[in-house]
Amino acid sequence: MRRQTLTMTEIFKGSFTQQEPIPDEGIAAATMVMQHGRLHRYNTAPGELAEAALLEEEFAQTVGSKYCLAVASGGYAMTTALRACGVGHGDKVLTNAFTLAPVPGAIAAVGGVPIFVGVTEDLVIDLADLAAKLDQAKILLLSHMRGHICDMKQLMAMCDAAGVTVIEDCAHTMGAAWDGVPSGRWGKFGCYSTQTYKHINSGEGGFLISDDAEGMARAIMLSGSYMLFEKHRAAPPATAFAQIKYETPNISGRMDNLRAAILRPQLRNLKTQGEKWNARYRVLEDGLRDVPGLRLIERPAQEQFVASSFQFLLLDWSSEAVADVLGRCAARGVELKWFGGAEPTGFTSRYDSWRYALSDPMPASDRILAGVIDMRLPLTFSLEDCAQIARIIRGEVSAVYQGLAAAE
Ligand SMILES: *Cc1c(COP(=O)(O)O)cnc(C)c1O
């Protein structure tokens, strides 16, 4: 009995926002850049290759794209992709209702108007809702939100048939794939973030990848290449810039050599890190199986995901009951986020809290968003930490659920 009591009151002591340190190799490379002082990517000594140019080449190799551009943020990667596709003032852009603020923000930044597409219980874009809205826009900014990847073959077939260009937001899918094809390689552009909470960490940063020479030439000019595009390595040939260099405004958002130096060793570890993330994910998933009232997100066999967070649904629970679970878990050190809250808090917000982008009510998606519980999964958590977190969530969800059942 005493053992039972201890288990019921165990408290998790870890931090949900603590990253691993930058690898020693990255620190050494960053120190060298600071010592030589040539932080700007185009400031190279004779014969020297910039860290930023090398990073782009290595990232392109990692995902198998022809071209890659390293930029200042994931948000900047998305606005640049939209601009390179010609999106301008008043143009409509389809995007996910379930995503985070930088996505509709990127559309708004270029003067575009988001049209939100619903979310399914598997937390991916609702392809039936997409089909109904495909004729309203020429571009889909598809967010693989929290690393959940929809049936990409079906989505691309639908978009190709409708003449809709796809730009992928891969902020949560670096290193992930659908049916063997890396996320970011399905659409015309793939956009990534290297911000602190993503798969590799330079504080701020991002990548844009593409196989489209014209689109990438535009993107490189947009990012602020001061006619130095020939210093890039994962870039189209100079001929692709012949006309574009005169027509494209400079909207500076380059990555610097310091960040690139920090990222290169992390990129080499990406696969191993992904395996560590997924091992943690599976421990949580196993620990939360068969909890009455709690729905896990089943991951399809074609989806080679890379976890960095964990979601489950408390579907059709009242706001009070969800808030009760969150409060009880928080009291035991487990920090959960909720997409059903009326107000945007922390990193969490919903399509109807972005008041610069008007939306029609989406009751089917509202029902799902009201039940989405979200948790960060930093690699500083051990497998035992994840097992303990699962025990705590399991205990508190069960306690609230039993209370609800008893009250009925
Ligand atoms: C983090 C994130 C981005 C990019 O964010 P930046 O902070 O601009 O690097 C894009 N989409 C989603 C869903 C994100 O979480």
Side-chain angles (χ1 to χ4, degrees), residues 16-17 19 55 59 68-83 93-110 112 114 116-117 119 123-125 139-150 166-176 183-184 187 189-209 219 222-223 251-256 259-260 262-263 266-267 277 297 305-311 337-339 344-351 353-354 357 365 369 372 374-378:
F16 282 78
T17 49
Q19 275 65 39
L55 174 66
F59 193 76
C68 174
L69 174 67
V71 293
S73 73
Y76 185 85
M78 291 187 288
T79 56
T80 304
L82 290 165
R83 283 196 179 100
V93 178
L94 294 156
T95 195
N96 304 59
F98 177 49
T99 186
L100 293 180
V103 180
I107 297 169
V110 300
F116 295 108
V117 182
V119 60
L123 299 188
V124 295
I125 194 165
I139 306 277
L140 165 65
L141 178 54
L142 172 67
S143 185
H144 302 297
M145 175 62 172
R146 289 296 184 248
H148 299 276
I149 306 176
C150 72
V166 177
I167 299 170
E168 297 178 67
D169 164 25
C170 305
H172 304 161
T173 54
M174 188 184 287
S183 120
F189 284 105
C191 307
Y192 301 79
S193 171
T194 62
Q195 187 237 79
T196 289
Y197 296 106
K198 318 294 169 148
H199 291 105
I200 58 177
N201 172 15
S202 58
E204 306 289 351
F207 296 112
L208 190 58
I209 61 158
L222 283 163
S223 76
I251 306 175
S252 289
R254 297 167 302 271
M255 181 179 282
D256 56 89
R259 278 167 213 203
I262 293 172
L263 290 171
Q266 294 183 59
L267 185 59
W277 253 304
I297 315 298
F305 67 97
V306 180
S308 59
S309 63
F310 190 90
Q311 292 73 43
K337 297 181 185 295
W338 180 35
F339 277 83
T345 51
F347 284 83
T348 313
S349 60
R350 337 167 355 126
Y351 72 92
S353 45
W354 305 317
S365 292
L369 292 172
V372 178
D374 180 36
M375 197 188 94
R376 286 187 199 285
L377 199 52

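Every number for a ligand or one of its atoms is a count from 1 in the order of the listing.
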Side-chain (Thr95) to main-chain (Leu141) donor-acceptor, under 3.5 angstrom: yes
Among protein heavy atoms, which sits nearest to [atom], and what does the distance come to when rounded to 0.1 Å?
atom: atom 2 (C) of ligand 1; value: Lys198 NZ, 2.4 Å
atom: atom 7 (O) of ligand 1; value: Gln195 NE2, 2.9 Å
atom: atom 11 (N) of ligand 1; value: Asp169 OD2, 2.8 Å
atom: atom 8 (O) of ligand 1; value: Gly75 N, 2.8 Å
atom: atom 5 (O) of ligand 1; value: Pro102 CG, 3.8 Å

Under a 4.0 angstrom heavy-atom cut-off, which atoms of ligand 1 come close to [X]?
X: Thr99; result: 13 (C)
X: Val103; result: 11 (N)
X: Leu100; result: 15 (O)
X: Ala171; result: 2 (C), 3 (C), 10 (C), 11 (N), 12 (C), 14 (C)

Beyond-backbone contact of Ile209 with Tyr192, side-chain heavy atoms, under 4.5 angstrom: yes
Non-hydrogen side-chain atoms of Tyr197 and Ser309 separated by less than 4.5 Å: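 No, side chains not in contact.
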Heavy-atom gap Met78 to ligand 1 smaller than 4.0 Å: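 Yes, that is the case, since the closest heavy atom of the residue is under 4.0 Å from the ligand.
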Between [X] and [Y], what is the shortest heavy-atom contact and its length?
X: Asn96; Y: Ser143; result: OD1-N, 2.8 Å
X: Met145; Y: Phe339; result: CE-CZ, 3.7 Å
X: Glu168; Y: Gly187; result: OE2-N, 2.8 Å

For ligand 1, the portion of Thr194 having any non-hydrogen atom under 4.0 Å away: neither
Plane angle bin for Phe116 and Trp354 - parallel if under 30°, tilted between 30 and 60°, otherwise perpendicular: tilted
Steps toward side chain to side chain contact (heavy atoms under 4.5 Å, CB included) verdict (His148, Ile297): CA-CA 9 Å; His148 299 276; Ile297 315 298; 3.6 Å; yes
Criterion side chain to side chain contact (heavy atoms under 4.5 Å, CB included) on Val372 and Arg146, from CA distance to verdict: CA-CA 11 Å; Val372 178; Arg146 289 296 184 248; over 6 Å; no
Among Gly74, Ala106, Ala101, closest by any non-hydrogen atom to atom 4 (C) of ligand 1: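 Looking at heavy atoms only, the winner is Gly74.
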Polar contact flag for Arg146 and ligand 1 (N/O pairs, less than 3.5 Å): no
